[in-house]
Structures are given as C-alpha cells and as structure tokens.
Amino acid sequence: MGRNKITVVGAGNVGASVAAYASAQELGDVVVIDILEGVPQGKGLDMWEATPVLGVDTRVIGTNQYEMTEGSDLVIITAGIARKPGMSRDDLLATNVRIVADVSEKVARFSPDAIIIVVSNPLDAMVYTTWKKSGFHPRRILGMAGVLDTARFRSFLAEEIGVSVEDVHALVLGGHGDTMVPLTRYCFVGGIPVTNFISPDRLEEIVQRTRQGGAEIVNLLKTGSAYYAPAASAVLMAESVLRDKKRLLPVAAYLDGEFNEKGLFVGVPAILGAAGVEKVVELELTVEEQEAFEKSVEAVRSLVKEVDQLL
Ligand code: APR
C-alpha cells in the first residue's frame, strides 16, 4: 500500500496550516494548489524541508496546475476570501460560490475517487456548491464546522472547570453560524454531565462565547479569520477518513431524511470512515432543541437558495 495523496486547495492561512498539520501527522503526501504563482510552491518547499526535523516521510509540493493533484485520495478545499471585522460568514457568499464552484469542477475531474472536505465559508452553502459542481455522491463530501465549534466550546469549558481538554466532550448541531445549536445536554466531562461542574448561567455564557468564537478572532486579527483551529479540525476529519477510524464527529453532512430533512448539508453527528460520511447518527431532541435546529436549517436553506441562483 502506497502513501495517501492529499490535495489542499488554497495556500492561504487555512490551507497552509492544513498542509503543515497533515504533513506533520504523516497522513500522506500533500499537494497544495493556489492561483497565486510562487506562493504554494514556496510554502510547499518550506514544509517539505521541515520533514527531516519532524521525522516524517511526506513529500509536500506546491503548484498552480491541477494535473499535479491527479488521483488524490482526499481533497480539502480552503480556497476563497476570509471575513474581516464587521462581516458575517454569509457576506462571503457571492465571491466564494464562484471560487468554490470552479475549484470543485477541477477537483472532480482530476480526482474522481476522492473524498472532499470543505472548509471555505459560508460553510454549509459551500459544501452544497461542491456537491452540485463535483457531481459526487453527497456522502463523499463533508463540511468542517462542528469539530471547530466544539473545539472552541471544549477549550473554554476545560479551562473553566480546570480539567484536560481531552476529557471534555461536546456536540453541536445545525449550520456554522450564529444559529448553531450547542447541545449542552450532551456535554460530558470525563463521562459526568457538565452541569455537575458549572452553573446554568455560566454555561450559557460559554455557549454564547462559542457562537461568537469566529468573530472574536476576526476582531482581534482584523485582517482575516481563524486558521489554526479550523485547520486542525479539518485534519482530524481527514485522519478519520484516510485511516478509516470511524470517528463520530459533528460534521456538515448530507441529509437524506435524517432529522426530517432532505437535500441539504447541515451539521449533525456522523461516523467518518474510508467511504466519507458512513452514517448520520440521529438523536431525540427536546422541543426547544428541535426549534433551534429547525431555525438553523432554515438559515442554511435560504443561503442554499441563493447558491442555486448564482450557479
Ligand atoms: N483556486 C485556488 N485558490 C484560490 C482560488 C482559486 N480559484 N481563489 C482564491 N484562492 C486562494 C487565495 O489565493 C488565497 O491564497 O485562497 C487562499 C485563501 O487564503 P486566505 O486569504 O489566507 O484565507 P484563509 O484564512 O485561508 O480562509 C480561506 O476558509 O475558513 C475559511 O472563511 C474562510 O472562506 C475562508 C477560507
């Protein structure tokens, strides 16, 4: 069995971080592709030159040519513009639909058997765009949002409670935006319900900080949006696919009747393996959770309508 081949589309902040983490974790050889000339080549060379120090055997290369991406096992799409202070993820729609549509067609042509992970925003609409333009079975396309949102939630909670981040588990449903639905009922610390450790009011404050987690970073950076945690989250999903680990993670997955929704991608718990999304795990929701989920799905549906008009 040879090494996996991973393509990262976009050599910007998120793309370069994805490539660096994937190489450092020895997930496979990495091709980074961007429209900028020299940038992917330079970053790719730099990352490859880090491999002896890291002690990993991966070849990282940068390119502007899709021929170099041919036959990839996994493709991670990070191309597109990032938001600046005052912008919502939805403000990126018109520009990023154009970019992600173009990229998805080329990815599908050169890597017809790949699994695709989409990171570009607005996430749920970009995953849908990739599905429409690639022609792939929808279960081979997944969106990275829930792993990041729960990572933020887990970080804040772990610090508050004074435990390892590893022992905090959380779940979030819905779209990757202000309507996301963190399910505190399913949040456990070392197997013990989180409410054993923290008051409902404080928990709600942490939920609010999580909802605004992306904006908090945009407001600090001023020139762009988060990339280390988004990249690490995409690479965790990539690992589960490439190593067929069957991790159960919150991802933007295609719903075909699950959660009573059909025909669009929304954040739900799913099992990720070699085939992509191998199963969407359904769960009982309370009346309030169901309402919040439906509201979030409605927000995704209206964005997807705009995508349909732009494509
Ligand atoms: N093909 C390939 N790369 C492209 C294309 C294209 N058609 N169009 C733009 N790009 C590249 C840009 O040249 C740039 O290098 O995408 C890269 C984007 O990098 P950054 O501007 O640094 O943005 P980044 O922070 O990486 O965010 C990228 O991920 O998290 C999301 O909201 C974020 O949509 C944004 C995306």
Side-chain angles (χ1 to χ4, degrees), residues 7-22 30-44 46-47 62-69 72 75-111 116-130 133-134 142-149 151-152 175-178 180 213-235 237 251-252 267 303 307:
T7 285
V8 182
V9 187
N13 283 333
V14 177
S17 306
V18 164
Y21 284 138
V30 182
V31 180
V32 189
I33 183 163
D34 200 291
I35 45 171
L36 297 176
E37 277 172 38
V39 171
Q41 289 86 347
K43 290 188 182 179
D46 195 7
M47 285 179 216
T63 184
N64 309 116
Q65 308 296 331
Y66 275 87
E67 286 74 10
M68 303 281 286
T69 71
S72 294
V75 177
I76 303 180
I77 298 180
T78 76
I81 55 166
R83 60 182 169 148
K84 304 223 165 57
M87 291 170 91
S88 79
R89 294 185 181 92
D90 298 357
D91 294 332
L92 310 171
L93 187 78
T95 307
N96 285 355
V97 161
R98 198 166 32 77
I99 293 172
V100 170
D102 173 57
V103 161
S104 301
E105 261 174 16
K106 290 175 178 146
V107 163
R109 188 163 356 122
F110 284 92
S111 299
I116 304 180
I117 299 175
V118 182
V119 183
S120 309
N121 273 310
L123 192 271
D124 308 275
M126 293 305 104
V127 188
Y128 179 86
T129 303
T130 295
K133 285 293 172 178
S134 65
L142 24 154
M144 189 294 295
V147 175
L148 171 61
D149 294 328
R152 288 179 172 145
H176 184 48
D178 303 341
M180 74 176 75
E216 184 178 1
I217 289 174
V218 171
N219 290 334
L220 289 166
L221 295 180
K222 297 190 178 65
T223 52
S225 52
Y227 49 101
Y228 293 116
S233 303
V235 171
M237 292 165 65
V251 303
L303 266 195
V307 171

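Just follow the structure's listing: the first ligand is 1, and inside any ligand the first atom is 1. Residue numbers run from 1 in the order of the sequence given. Side-chain atoms are counted along with the backbone in the values below, which use heavy atoms only and exclude waters and symmetry mates.
With a 4.0 Å heavy-atom cut-off, ligand 1 is reached by the backbone of T78 but not by any atom from C-beta on. The part of I81 lying near ligand 1 is the backbone, judged by heavy-atom distances below 4.0 Å.
The protein atom (non-hydrogen) at minimum distance from atom 3 (N) of ligand 1 is A79 CB, 3.6 Å. Annotation: atom 19 (O) of ligand 1 to nearest protein heavy atom, G12 CA, 3.2 Å. Of all protein heavy atoms, the one closest to atom 13 (O) of ligand 1 is D34 OD1, 2.7 Å. Of the protein's heavy atoms, G80 O, 4.2 Å lies nearest to atom 21 (O) of ligand 1.
A 4.5 Å side-chain heavy-atom check between M126 and V97 finds at least one atom pair inside the cut-off. Using a 4.5 Å cut-off on side-chain heavy atoms (C-beta onward), S88 and D178 make no contact. Residues L142 and V127 have side chains not in contact (no heavy-atom distance under 4.5 Å, counting atoms from C-beta outward).
Checking D34, D46, N64, T63 one by one against Q41, the side chain to side chain donor-acceptor pair (under 3.5 Å) holds for a single residue, N64.
Interface atoms of ligand 1 facing N96, defined by a heavy-atom separation under 4.0 Å, are 34 (O). Close approach of ligand 1 to V14 is summarised as follows: ligand atoms under 4.0 Å from at least one heavy atom of the residue are 24 (P), 25 (O), 26 (O), 27 (O), 29 (O), 30 (O). In summary, the atoms of ligand 1 found under 4.0 Å from a heavy atom of V119, numbered by their order in the structure, are 29 (O), 30 (O), 31 (C). Taking every heavy atom of L36 and a limit of under 4.0 angstrom, the matching atoms of ligand 1 come to 13 (O), 15 (O).
Between atom 7 (N) of ligand 1 and the options L221, I99, N13, V18, the minimum heavy-atom separation is to I99.
When every heavy atom of K84 is checked against every heavy atom of K222, the shortest pair comes out as CD-O, 4.1 Å.
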_Stepwise side-chain contact (heavy atoms from CB on, under 4.5 Å) test for V107 and Y66_ = CA-CA 8 Å; V107 163; Y66 275 87; 4.2 Å; yes
*When you look at I77 and I117, which way does the side-chain contact (heavy atoms from CB on, under 4.5 Å) test go after all the steps?*
CA-CA 6 Å; I77 298 180; I117 299 175; over 6 Å; no
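Side chain to side chain, H176 and D149 meet the donor-acceptor criterion of an N or O pair below 3.5 Å.
Contact analysis puts S120 in contact with ligand 1, with a non-hydrogen atom separation below 4.0 angstrom.
In this structure, the separation between OG1 on T130 and CD on E105 is 11.0 Å, given to the nearest 0.5 Å.
When only interatomic distances are considered, the shortest N/O to N/O separation between N121 and ligand 1 falls below 3.5 Å.
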